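Predicted, not measured: the structure shown is a model, and the values here were computed from it.
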Amino acid sequence: MPKQSFLQGAVVMAAAGVATKAMAMTIQIVIARQLGAQGFGLFQTINPLFFFLLTISTFALPPALSKVIAENLALGRYGKARRAWRIANVTVLILSTSVCIAALAIAPDIGRHWLDARAIPAFIGAMFRIPVVCLSSVMAGYYMGIQNQTPPAAAWVVETAVRTAATIPLVIWLNHYGIAYGALGIMMGAGLGETAGYLFMLWKYIRRDRHALTPRDGRLPSSTVGKADGVVRDLAAVAAPTTMTNVIGIVAFAAEPAVMYAAFAASGIVKTSATTLYGAFAMAIELLFLPTVLSSAISSVVIPAVSEAAALRDERLVTRRLNQAVQATAFIAFPAMMFFMLAGHDAALTIYRDHLAGELLAYLAPTCAFLYVLDPLSAVLQGLNKAAVSTFISVVTSSIRIAGIYYFVAIAHDGIYGVATAVAISGIVSCMLSILCVRRYVTLWINFTNIGKMLIAAAAASIPIHEIQHAFRFATPWLQVACSGIVGILVYFIVAVYLRIARPEQIVKIPFIGPLLAYAMGRMPFLT
């Protein structure tokens, strides 16, 4: 089966990401309007513990599997790739089932000591999702390893479509029985969607792709099989430090609500009010990280691409992939930063009907570039088998985040803005440390000329965004957001083209839409 190029994979995943985010935002709107900020906060307090258990269950085997498969296929070691695939499936099945049973057994104790008591039904519903999510993630790692991103991208769309169709009626129906059951409806809908996505990938695998780890002639001679020993070691070399990094991050994430509640209590704010404030903060974070669907798409194809280049000892290709990812992420981050600063309040008001979420979004917007570039930098470290470095960075930045939350809320009395400040500081520190560490292994050159051009294009786009916000100030927020967003993106792209950030001969290489964009650029006046 022919593999996709780095650019093709990124475009396929980005397109799927945009489609799924659009559907996911529909769910977010229903959650926010049906359950309110307090319900949204209740839902968010479950997520850290759920992701912690999910991290243990997957043991970071999906990215490890994609790396091991990619580098062994590049060297013709089909036997090792096949064995890695089998080991990953068996391992996550055992781990996820064990974690699910253990978590269900201690759910009442978790509810008393860690969560709001109303979150217990949703927590129990979330546990049944773990085995399916783990198997689905490993299947996606398989496809990433053979560098064919279309099946996981399509499964992502199927999953989100089913999730949207199931979650909305479930939340509306169960919310009549109380906010706790409304949150349970979210988990039930998510579980149905994840099951549909996994079954789609499994169907594709059985029907067409199960022979991708076999040579074209169907034989496995000794010269191409390669020794199958050392597979566990190769998987663990990536999975163990990555899991430790994820666990540290998730523990910090799980500790965040507890520290936040303690800090608010120290400043005289009761738990129910703190949950409402945290819900508004979670809404702002959801919108702030909305564009990362594109940077995450780039990162998902960086790991196997860098692993393959490193296995072939092609240092120039590793450097090229890294710099492509960083430049593409910066291209996304600058217009997002400008839009959230100027129109973030109306965006949050349109989607969530919450003024505080909009104010927090505008407050956090200047950190976009730092937060978004973390994905590709971490992916490169994993692809180079340097995931242990990410563990060190995670320890440092998680400590800063937790300490910062308590200081800014309990001591400085900055309220929910203190939580936002701590998150912003930890994100900036994490980005700077990641850049310093990556430069030890790969030549990271930053094209400051292009960065300056992107900033100019973003500044140019801010003018119509600001003017539309002012001119439409008496209109409905959704009209302000829609018009300013469309016009801002159009102006940003046009200015970027005229500043030669991307040339037609580069644009035309983008799969599917590249030729059309290049044709349109060729018809723009004065461009040539």
* **Ionic contact status for Lys80 with Asp234, cut-off 4.0 Å** =>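 Answer for the salt bridge query: yes.
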
Treating [X] as the side-chain partner and [Y] as the backbone partner, does any N or O pair qualify as donor plus acceptor under 3.5 Å?
| X | Y | result |
| --- | --- | --- |
| Ser398 | Val395 | no |
| Asn72 | Val68 | yes |
| Thr167 | Thr164 | no |
| Thr97 | Ile94 | no |

Measuring only between side-chain heavy atoms, which start at C-beta, is [X] closer than 4.5 Å to [Y]?
| X | Y | value |
| --- | --- | --- |
| Phe52 | Val99 | no |
| Cys134 | Leu95 | no |
| Leu192 | Arg163 | no |
| Tyr143 | Lys204 | yes |
| Met187 | Pro121 | no |
| Ser434 | Leu374 | yes |
| Leu364 | Phe340 | no |

* Does atom CZ of Phe50 have more than 12 heavy-atom neighbours, drawn from other residues, nucleotides or ligands, at distances under 6.0 Å? -> yes

* Within 6.0 Å of OH in Tyr205, more than 12 heavy atoms from elsewhere ->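 Yes, because the 6.0 Å sphere around OH of Tyr205 holds more than 12 heavy atoms from other groups.
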
* Plane angle bin for Phe331 and Tyr492 - parallel if under 30°, tilted between 30 and 60°, otherwise perpendicular ->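 Tyr492 vs Phe331 ring planes: tilted.
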
* Should the pair Tyr177 and Tyr181 be assigned to parallel (<30°), tilted (30 to 60°) or perpendicular (>60°) ring geometry? ->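 Taking Tyr181 first and then Tyr177, their aromatic rings stand perpendicular (interplane angle over 60°).
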
* Structure fact -> For Tyr142 and Leu65, the nearest pair of non-hydrogen atoms, with its separation, is N-CD2, 3.8 Å

* Give me the one residue out of Val231, Val138, Ile146 that meets side-chain contact (heavy atoms from CB on, under 4.5 Å) with Trp85. =>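 Only match with Trp85 under side-chain contact (heavy atoms from CB on, under 4.5 Å): Val138.
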
